Amino acid sequence: MVPGRCQTRVADADVELLPERALHWPQAGVLAVADLHWGKTESFQQHGIPLPLGVLDDDLARLSSALTATGARRLLLVGDLVHSRQGLTRDVISRVNTWREAHASLEVVLIRGNHDRHVRTLPPIWRMEDREEVLDEGPFRFAHHPEPAAGRYVWAGHLHPMVRLTGGADRLRLPCFHLRPGVGVLPAFSAFTGGMDVRRGRKDRVYAVAGTAVVEV
């Protein structure tokens, strides 16, 4: 077992939950992430809201780290890749293109989310396959919205799940993987997002992203 990762079995398939906020399906050579919201900082800045620079670069570096560590051949973007049309500035497009060139042999597929629908077409230089609804592979369905599908386990995003932990006087609120019967919700990949506290069902499993490790809580 690689330190920091959490290995589990879902729908008779072995998967790994990564502290980079990514899902790794080793058998298929797939890395999946959700809710990257590229260009969010730039979108807010255009509305006169000053925000720190470097969010996109940090997220791209973390994505590269996950790809290198796993050796994944395919990257599935499970919705809300971009935040808004206004956020796709020339600089954002260029920086993402530089990252894409560093992973030239990687197959990248976007399964569109609600934010992605504000952008009619992705920049061609990013070389990404564009799916409108869902992607079915093996026992899994990858879709932005966490809705059950007959005969498949669904990996989704959209909700930006968070879990609250308490220990005496200490309290933490951490991004998490929320695995329900039939549907698993990935944490928002971007560090610059809000989140929704999970409501745990009796058969649910929750895995918190705690720094450089993923732990079941």
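Quantities reported herein were computed from a predicted structural model and do not represent experimental measurements. As a basis for the values below, the full set of heavy atoms in this structure was taken, side chains included, without hydrogen atoms, waters or symmetry mates.
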Chemist: Any side-chain heavy atom of Pro161 sitting closer than 4.5 Å to one from Phe177?
Modeler: no
Chemist: When you check the gap from the basic side-chain N to the acidic O, do Asp136 and Arg141 get nearer than 4.0 Å?
Modeler: yes
Chemist: Does any N or O in the side chain of Arg74 come within less than 3.5 Å of the main-chain N or O of Glu107, such that one atom is a donor and the other an acceptor?
Modeler: no
Chemist: Can you find a heavy atom in the side chain of Trp155 that is under 4.5 Å from one in the side chain of Val10?
Modeler: yes
Chemist: Taking C-beta and beyond as the side chain, do Val108 and Trp126 meet within less than 4.5 Å on heavy atoms?
Modeler: no
Chemist: Donor-acceptor check, side chain of Asn114 to backbone of Asp80, threshold 3.5 angstrom: yes or no?
Modeler: no
Chemist: Among Asp35, Asp59, Asp58, find the residue that satisfies the side chain to side chain contact (heavy atoms under 4.5 Å, CB included) test when tested with Ser190.
Modeler: Asp59
Chemist: Mind telling me whether His115 and His118 have parallel, tilted or perpendicular rings, with 30° and 60° as the class edges?
Modeler: perpendicular
Chemist: Salt bridge check: are Asp91 and Arg95 linked by an N-O gap of less than 4.0 Å?
Modeler: yes
Chemist: Tell me if a side-chain donor or acceptor on Thr68 pairs with a main-chain N or O of Ser64 at a distance below 3.5 Å.
Modeler: yes
Chemist: Treating Asp116 as the side-chain partner and Leu81 as the backbone partner, does any N or O pair qualify as donor plus acceptor under 3.5 Å?
Modeler: yes
Chemist: Would the distance check show the side chain of His144 and the main-chain N or O of Val78 forming a donor-acceptor pair, the cut-off being under 3.5 Å?
Modeler: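 Yes, because the side chain of His144 sits within donor-acceptor range (under 3.5 Å) of the backbone of Val78.
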Chemist: Give a yes or no answer on whether the side chain of Arg21 reaches the backbone of Ala34 with a donor-acceptor pair at less than 3.5 Å.
Modeler: no
Chemist: Considering residues at least two apart in sequence or located in another chain, which fulfil the side chain to side chain contact (heavy atoms under 4.5 Å, CB included) criterion with Arg127?
Modeler: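 Applying side chain to side chain contact (heavy atoms under 4.5 Å, CB included) to Arg127 gives Arg100, Ala104.
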Chemist: Do Val15 and Thr8 touch side chain to side chain, with heavy atoms closer than 4.5 Å?
Modeler: yes
Chemist: More than 12 foreign heavy atoms under 6.0 Å from CZ of Arg120: is that the case here?
Modeler: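 Not more than 12 within 6.0 Å, no.
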